[in-house]
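Take a look at the structure below.
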Amino acid sequence: MSFEESFLNELKSVFGEKIVESKISKRRIFLKVSPEHYYEVIQFLVKEKGLYHLETMTATELKDYIEIIAHLGLSTSVSVKTAVDKNSPTIISLCNLIPGAEFYEREIMDLMGVKFEGHPNPKRLVLPQDWPTDVHPLRKSFETRHNQPLRDVGGE
Amino acid sequence: MEISITFSYHTVFDCEVDCVMSMLSELLKNLFKKRATVLYPEERDKVHVPEGYRGKLEFYREKCIGCTLCYQVCPSYTIEIITDEKGKRPVFNLARCTYCGQCEDICPTKSIHLTKQFEVISLDKKDLVVK
Amino acid sequence: MTPESYLIETLKVLVFPGFTFIFILALFYEWLDRKFYAKLQNRVGPLYAGPLGILQPLADFIKLLSKEDIVPKGVDRILFTATPLFSLTLSIFATLLLPIFSYKGILSFEGDLVIAVVLLTFLCIITFFAGIASYNRFAIIGAERSFLQLIGYEVPLMISIVSVALNARSLTIQNIVLSQKGIWYILGPNILGFIVFLFAAQAELERIPFDLPEAEQEIIAGWNVDYSGRRLAMFRLAKNIELVFLCGLAVTLFLGGPLGPVVPGFEPFLFTIYFIIKSIFVLAILTIVRALFARLRIDQIVSLSWKYLLPLAIIQFLIVRLIV
Amino acid sequence: MSTFDIPIGPQHPALPEPLLLKLEVEGETVVGVDFDVSYMHRGIEKLLETKTYFQGLPLVERICGICNAAHGLCYTLNVEKLYDKEIPPRAQYLRVIVEELSRIHSHLLWLGVAAFEIGFNTMFMYTWRDREHVMDMLEAITGNRVTTEYSQIGGVRRDITPELAEKLLKTMDVVEERTKYYIKVALTEPTIAKRTQGVGYLSPEDAKATCSVGPVIRASGIKFDVRADDPYAAHDEVPFNVITYDSCDVFGRVVVRAQELLECVNMIRYALKNLPSGPFRIKLPMKPNAGEALTRVEAPRGELLHYTLCEGTPKPYRYKVRTPTLANLGALRVMLTSKGRYVVNIGDVPIIYGSIDPCICCTARVQFIDVKKGKTWTWTLDEIRGMSKKVKA
């Protein structure tokens, strides 16, 4: 009964079926949660279980939805995943729970276009100022021009 | 929000003076030490290049079997595959090469070798291409 | 005054202990300072311009002269052009007071020590005006800092000079030098004064422990951020000549000026040699201080000078008052 | 008191990092700060999706010039988790050695830059001279001073020969003796003490709230080090102790980094002494099996995190890199604003900013947009180089 399994069973006992899926590997726990219970689960993890350290937040564009993952934890890291619909992605911001989440959410806002409600200053972090506001580079739809071989520009 | 900062460090006067003195002795010791800088253009031989340094590419045409593995693994598309009389062979455009050594690593017949030559500069792009 | 004495006087001012000599000495001191500083840090320092890089300061000076001289918009034009000229002329004027080839300088009259002290303060005020003239955020902060720093180190500097004057019972440099014929003041009661003078000189020249007005990391180049081309060349030359002046002043006040064992025939020649050797000794100390410390914050500088330099200067004054 | 803002801008002569700090200043005290990281955004995460895992390794190593061994190690550990094959222990030990060597060179580099920030040029010259010993060792072992390319997917590229190990032990004695001298100077030098004590204050509560990592959080008294909490490679066998200091200011960070240097030296000695024998590399197929992996590594600046989602194809579906500097930006803002009795002076800004050891090139990646034509495209590193050739030719 490794630490991860006992931790997971405890979470399951508290949240029951709210946790849709879960996966365990060495010192890693992946949980899939619906967007409504996302804030509730993370609040439980931060307040009761004392996982104050938010490692990072990842956004991945899958086939039909965008998956937001919040990785929490010091030694065993717990990753809470939620699905967000692709065309109008909005989710609750974690800034009042963990002030450190501000920069991770701003980066996802820039690159993936996910709106975070209640974010203290939703300004641009990573993209240049004059970048058009609707273009999000990390979306699969954003086509990058494949690199051509070095153009031989004549030269001397 | 009142911030109370407690400084509990020891700034006893004597320990500061002896540190300044030790710094002074270090300075004066350096006066007689040989200088650390190696004057590159003049003292070219003093620059020590260790074994296994990843420098300019060298290609042995006879060993190559044309498997184009190096083409697949090169991250910066330095390698172009052309076919000459003996078969397929890579051509390296050193203008793009980042000297990561992946090609030397993956080549089954060890026909690519990164030499210790680190001065890879030239006025003409033509001689940057390793045939 | 016969015509040729006029000629000799102008030659004195223009060539020997005057402008050309000081110009060469200033560049030589800058080269020596940079070379010694590099040697202390185990590196090479200027090397390529001339033998051992001795012409490097001259090369920098000429390069700056040939560079484009940009005058930014919104700048107070009068001050912007006047301050470099003033700082250059005043620092050369100050060096005329120094006794180099005999025990009295070219300009030597009753009470010329006061002029030297006034010029010291003038030079610092000019850097303040230079900062204010270029209407740039960094320059304003740099100017404000140079003034704050002036308040810090000015009083101890004055007291240490006054205690030397008290020791020699006169305000003229000539008498001070002559009264040191017996024992130099540094060996005599004025050792504390010498230390205070050195730290104050380091602050006047804005060198490392006190180089806040042009702290490269915080406010880029401080008060001379907008100056370029000829103006910057003049400012840098003025800074070097000021270095010569302060080393010379330290030598005349504390190390007995150009005095030393003398062969009757060649007095002026030997006096100059002694003067140069002693001021190189003072320059070496200044460079070691530059290599030894980190830069202090503005509030720390002012508190340091009021907490440590001022009491030292007052003790020095009391010692001289009691002994002499 | 009217405030006006001072830009300590992206092109600053002394700060080598392209980060714009907009400081609101009242006289000499800093009241507010806002920063902008968008000057070095190179689109690396997008680029990694167009390259296979094997081609991605040299690109990941070039995210940051100083801590590239950490990036390479984190990348290879991450991809190896997808294969879940057994990596030979000798490779793990060799990885720890090269990682600790690059930590020494990164901390020595930081000590020099921090001394330069407060105007102490002599210390800058000395630390960078002594760093050359470590750089020569890195060059001898891995073939290049900075981009080490040492840990590969499936093990390590080269083995350490006995005489290299011999030379490495000798270098470690030199480095240890010099580090002891620097610790003595850093602790007692009056001017350094004046410029760093009580500057850049970050209370433990703020450190926890802003999720800061690495020496910044350890200098506020919180024991958090990925090598101890979530051991990777051979860190569970190589003993070391986590250095913390409770002064919560720049001085604490200097002490933590200096002491960590000594820890690295002992770790390298221990790892060299009982280096397990056996192969140092195994062959892995080009195509990993599907799954997702999350790896955390203790880079010199703090906890570095790589996450990848793979769908069985040789190219990653999504690759996320979170560098330690991004985590410390929150702490930087807390440190730079004056509150109550704690006053930040303009003179302190460079040293506070330097104390988190920023590496902005890690945090951002370049993309171009052409506003006139409204077309946007991403240029890779090589095309930027191609472009520069055109300009030059």
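Reminder, nothing fancy here: chain letters follow the sequence lines and each chain counts from 1.
B/R35 places none of its side-chain heavy atoms less than 4.5 Å from the side chain of D/R129. Under the 4.5 Å side-chain criterion, counting only non-hydrogen atoms from C-beta, D/R157 is in contact with B/D105.
Taking CG of B/N30 as the reference point, atom OH of D/Y126 lies at 3.5 Å (rounded to 0.5 Å). Here the straight-line distance linking atom CZ of B/F118 with atom CD of D/E139 works out to 9.0 Å at 0.5 Å rounding. With rounding to the nearest 0.5 Å, the separation of CG in B/L69 from CE in D/M286 is 7.5 Å. Taken from CD1 in B/I106 to CD in D/Q152, the straight-line distance is 9.0 Å, to the nearest 0.5 Å. The structure places CE of B/M23 at 5.0 Å from OG1 of D/T122, a figure rounded to the nearest 0.5 Å. Atom CD of residue B/Q102 and atom CD of residue D/Q55 lie 8.5 Å apart, to the nearest 0.5 angstrom.
Atom NZ of B/K88 has 12 or fewer neighbouring heavy atoms from other residues, nucleotides or ligands inside a 6.0 Å radius. The local environment of NZ in D/K287 is sparse, with at most 12 non-hydrogen atoms from other residues, nucleotides or ligands closer than 6.0 Å. Dense packing is recorded around NZ of B/K33, with more than 12 heavy atoms of other residues, nucleotides or ligands lying under 6.0 Å away. Applying the 6.0 Å contact sphere to CZ of B/F59 captures more than 12 heavy atoms from other residues, nucleotides or ligands. Within a 6.0 Å radius of CD in B/E51, other residues, nucleotides and ligands contribute 12 heavy atoms or fewer.
Using a 4.5 Å cut-off between heavy atoms, D/R158 contacts chain B through its side chain alone, with no backbone atom that close. Of the two parts of D/S203, neither the backbone nor the side chain holds a non-hydrogen atom closer than 4.5 Å to a non-hydrogen atom of chain B. Neither the backbone nor the side chain of B/L114 comes within contact range of chain D; no heavy atom of the residue lies under 4.5 Å from a heavy atom of that chain. D/E132 does not touch chain B: none of its heavy atoms, backbone or side chain, sits under 4.5 Å away.
Considering every non-hydrogen atom in both B/R54 and D/T142, the closest pair reads NH2-O, 3.2 Å.
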For this session: Could you please spell out the steps behind the side-chain contact (heavy atoms from CB on, under 4.5 Å) verdict for D/R62 and B/T98?
Result: CA-CA 10 Å; D/R62 279 157 180 74; B/T98 57; 3.7 Å; yes

